[in-house]
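In each ligand, atom 1 is the first atom listed, and ligand 1 is the first ligand listed.
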Amino acid sequence: MTMEVHILGTSSARPTSIRQVSGSLISCRDGIAVIDAGEGFQSRFATQRKRMKSFETYHLKSSKVGVLCLTHGHLDHTWGVLPWLQSMALDNRNQPLLIIGPTTDGVVDAMLSGQPLPEDTPQSDLSVQYRFWHQLGGTSSNLGYEVRWVLGAVKSNRWIEFSSQGKVVQLSEMPQPEGWRHNRIEPIPTVHTIPSCAWQLTSKARKGKFNRYRAIELGLNEDEKAELAAGTDINKNGELLLSRDFRGEDVSPLSVIISGDTAEMAPSLTSIGGCNLLIHEATFLDDLAQHAQDYLHSTASGAARTAIACGANHLVLTHYGARIKQTGPSLDEAMSELANSEIGLSAAWDGDRVLVEDSGKVSHLYWRDDGWTR
Ligand SMILES: [Zn+2]
């Protein structure tokens, strides 16, 4: 199956009359990854579910959410987490949920040794919020479904988990959502005023589909089909049947990245060597480029420079400052950077979907009150 991103909030810092704060979903073969959950996230998710039910064939069930990935601890990306967890408890969720986000090495060390957090730890560090949410009932025993609270110093790849007894334990590696076999999530360090990362969802390469109709046509028995499917050529009535003739083309891995808040050209992002879709913040226009630099955000043109450097096939702009009402100027400024590239470009509005097909083709579907249009 393809991957599809639902962008449920495109405003930076605070909601406006036309936009809500951050929160997106990536739907894939294994389930759903939620990336950030700012204020009001659960209502937007519920609205999108309803829309999908009315207009589309596949459903966005919250029971399919396997992981909540946080890009950083600023409240416009996290304030909706606990209310949403509590609503899922009221809905009798029983699937496990992984919650995962970035912090510093100092916090990891302090938590493992039971020491107070380093003095320079910002109030909005996710470790502070995890504790707060625990105190307010965000534990597996309170919620009635298993929640794994995981934090990591992303650059040094050190991961800790808040156990249900309130202890903090070290993990040997970053966990993946339970039961996910076809896709992986991975953090990519970004550059912001507090520890931050983009999240990348990558599907594994897959063999092409086995052509069972052809096998039936030739009257093959189960053993013969199994051999061909496993890649072995067989002899049938004196004729050599090549296993490769029974499979469609292999499906290459797909990869989607959602940036969170970051300055442009975050080094770990620009060195990833390609992705199908980059959804990148574009808080400012070029007139506030200095502002973007000072506050470690991006301009639309900076998002475009990043997309070129990281080898993205398509760039979607999001996370606009309150001064940006229409997306035209953002698109123009990004396009002037992309003019000599093959990179596709679009600008997100709340409720849009961005589809990545098996072939790698990207389509941006714009929400228009009575369905989506291309
Ligand atoms: Zn933000």
>> Would Arg49 and Phe45 count as a cation-pi pair here, with the cationic atom under 6.0 angstrom from the ring centre and within 45° of the axis?
In response: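 The answer is yes; both the distance and angle limits are met.
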>> Taking N, O or S atoms only and a limit of 2.8 Å, check whether Glu281 reaches the Zn ion (ligand 1).
In response: no
>> Any N/O/S atom from His77 (main chain or side chain) under 2.8 Å of the Zn ion (ligand 1)?
In response: yes
> Among Val67, Leu85, Leu151, which one satisfies side-chain contact (heavy atoms from CB on, under 4.5 Å) with Ile99?
Replying inline: Leu85
>> With carbon and hydrogen excluded and only N/O/S kept, which atom of Asp76 is nearest the Zn ion (ligand 1)?
In response: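 Checking each N, O and S atom of Asp76, the shortest distance to the Zn ion (ligand 1) belongs to OD2.
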>> To 10 degrees, how wide is the angle NE2 (His319) to the Zn ion (ligand 1) to OD1 (Asp261)?
In response: 70°
> Quick one: does Glu333's side chain have a donor or acceptor within less than 3.5 Å of a partner on Asp286's backbone?
Replying inline: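 Between the backbone of Asp286 and the side chain of Glu333 there is a qualifying donor-acceptor contact (under 3.5 Å).
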> Could you go step by step and tell me if Ser346 and His314 meet the side-chain hydrogen bond (donor to acceptor under 3.5 Å, both in side chains) rule?
Replying inline: CA-CA 8 Å; Ser346 51; His314 189 102; 2.9 Å; yes
